[in-house]
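Nothing here was measured: the structure is a model prediction, and the numbers come from that model.
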Amino acid sequence: NKLTTMKMQSLLNRFWESNRYIRRYYDKVEATAHRQGWVRSASGRIRRLPNAKIDDDRDPMQWRALRQACSFVIQEVAAALTSYSMIHVDKRLRASDRTRHGAMLINQIHDVLVVDLCDESLLEEVIGVMKYVMEVLAPRVVGITKVPLVVDFKWGETWYGREMEV
């Protein structure tokens with residue numbers, strides 16, 4: 001079942017119509033990139049996009065630069081949230097007498113943190129640490145104050161084991 005260009009455009013239009021605040025944000029980022037030739041992320045990093053300043057709205061190089069501007073500011077926030085969370089979850093797990101030897105942050109995959117538990121009785125405590133760091137501390141540090149972040153947790157007996165919703 002192939003989507004035609006018209007169907008795709010219709011889906012996109014409906015998305016923007018029902019998510020006007022996202023469209024306004026994208027428009028603001030694109031206007032900044034077009035005016036300045038660069039954008040700044042919430043954490044202060046700058047992405048230079050000289051092609052965003054091209055004055056031809058039909059130029060594919062300009063489209064690409066404007067798309068990159070929006071992707072950069074969003075992906076940079078996600079990376080900052082994940083990095084901060086990874087560092088501070090690890091610090092808190094090592095600092096706790098109960099979790100120091102029983103829970104270890106072992107991996108990070110995109111925006112997922114993987115913790116190894118030697119004792120299932122530590123699960124609730126580890127979830128508490130992770131929720132606090134990832135839903136409260138990290139968003140404040142990165143500058144996300146208007147949108148609540150909700151973290152999902154899954155666990156299993158083994159890496160390949162059945163994942164359980166927590």
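Side-chain contact check for Thr99 and Glu125: no donor-acceptor pair (N or O, by modelled atom type) lies under 3.5 Å.
In terms of heavy-atom proximity, Ala52 sits nearest to Ala33 at CB-O, 3.5 Å. Looking at every heavy atom in both residues, Val77 comes nearest to Ala42 through CG2-CB, 3.8 Å. In terms of heavy-atom proximity, Arg100 sits nearest to Ala95 at NH2-O, 3.5 Å. When every heavy atom of Ala103 is checked against every heavy atom of Val126, the shortest pair comes out as CB-CG2, 3.7 Å.
Annotation: salt bridge (charged side-chain N to carboxylate O under 4.0 Å, His left out) contacts involving residues 25-37, sequence neighbours excluded, comprise Arg23-Asp27, Arg23-Glu30. The ring pair (Phe, Tyr, Trp, His ring centres under 6.0 Å) contacts involving residues 98-139 comprise nothing, where partners must be two or more places apart or lie in separate chains.
The shortest distance between side-chain heavy atoms of Phe15 and Ile22 falls below 4.5 Å. Under the 4.5 Å side-chain criterion, counting only non-hydrogen atoms from C-beta, Val39 is in contact with Leu49. Taking 4.5 Å as the limit, some side-chain heavy atom of Leu11 sits within range of a side-chain heavy atom of Leu3.
Val133 and Leu81 fall into different hydrophobic clusters, where Ile, Leu, Val, Met, Phe, Trp and Tyr are joined by side-chain heavy atoms under 4.5 Å apart, directly or via other members. If you chain together hydrophobic residues whose side chains sit under 4.5 Å apart, Met86 and Val142 never meet in one group. Cluster annotation: Tyr21 and Tyr26 are assigned to the same hydrophobic cluster (Ile/Leu/Val/Met/Phe/Trp/Tyr, side-chain heavy-atom contacts under 4.5 Å, transitive). In the hydrophobic clustering of ILVMFWY residues, with side-chain heavy atoms under 4.5 Å counting as a link, Val89 and Ile144 come out apart. Residues Leu137 and Leu93 share a single hydrophobic cluster, defined by chaining ILVMFWY side chains whose heavy atoms lie under 4.5 Å apart.
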Inset, instruction - Determine, step by step, whether Leu113 and Met130 satisfy the side chain to side chain contact (heavy atoms under 4.5 Å, CB included) criterion, reporting the C-alpha distance in whole Å, the side-chain angles of both residues, the deciding distance to 0.1 Å, and the verdict. - result: CA-CA 9 Å; Leu113 301 184; Met130 294 179 78; 3.9 Å; yes
Inset, instruction - Might you work through the side chain to side chain contact (heavy atoms under 4.5 Å, CB included) test for Leu117 and Leu123, ending with a clear yes or no? - result: CA-CA 7 Å; Leu117 296 176; Leu123 183 62; 3.8 Å; yes
Inset, instruction - In sequence, state the C-alpha distance, the side-chain angles, and the governing distance for Val112 and Val114, and then conclude on side chain to side chain contact (heavy atoms under 4.5 Å, CB included). - result: CA-CA 6 Å; Val112 174; Val114 180; 4.2 Å; yes
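The ring pair (Phe, Tyr, Trp, His ring centres under 6.0 Å) search around Tyr84 returns His88, not counting sequence neighbours. Every salt bridge (Lys or Arg N to Asp or Glu O under 4.0 Å) that Lys131 has, sequence neighbours left out, goes to Glu135.
In the hydrophobic clustering (ILVMFWY side chains linked at under 4.5 Å, chained through shared members), Met6 stands by itself.
Atom OG of Ser85 is separated from atom CG of Leu105 by 10.0 Å, given to the nearest 0.5 angstrom. Between the CD atom of Gln75 and the CZ atom of Arg47 there is a distance of 9.0 Å, given to the nearest 0.5 Å. Separating the OG1 atom in Thr82 from the CG atom in Asp111 is a distance of 5.5 Å, to the nearest 0.5 Å. The distance from atom CD1 of Ile46 to atom CD of Glu76, rounded to the nearest 0.5 Å, is 11.5 Å.
Put simply, the side chain of Ser83 never gets that close to the backbone of Ala80: no donor and acceptor are under 3.5 Å apart.
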Side chains of residues 58-74: which donor-acceptor partners sit under 3.5 Å, not counting sequence neighbours?
residue : atom : partner : partner atom : Å
Asp59   : OD1  : Met61   : N            : 2.7
Gln62   : NE2  : His34   : ND1          : 3.3
Gln62   : NE2  : Ile54   : O            : 2.8
Trp63   : NE1  : Asp57   : O            : 2.5
Ser71   : OG   : Arg67   : O            : 3.2

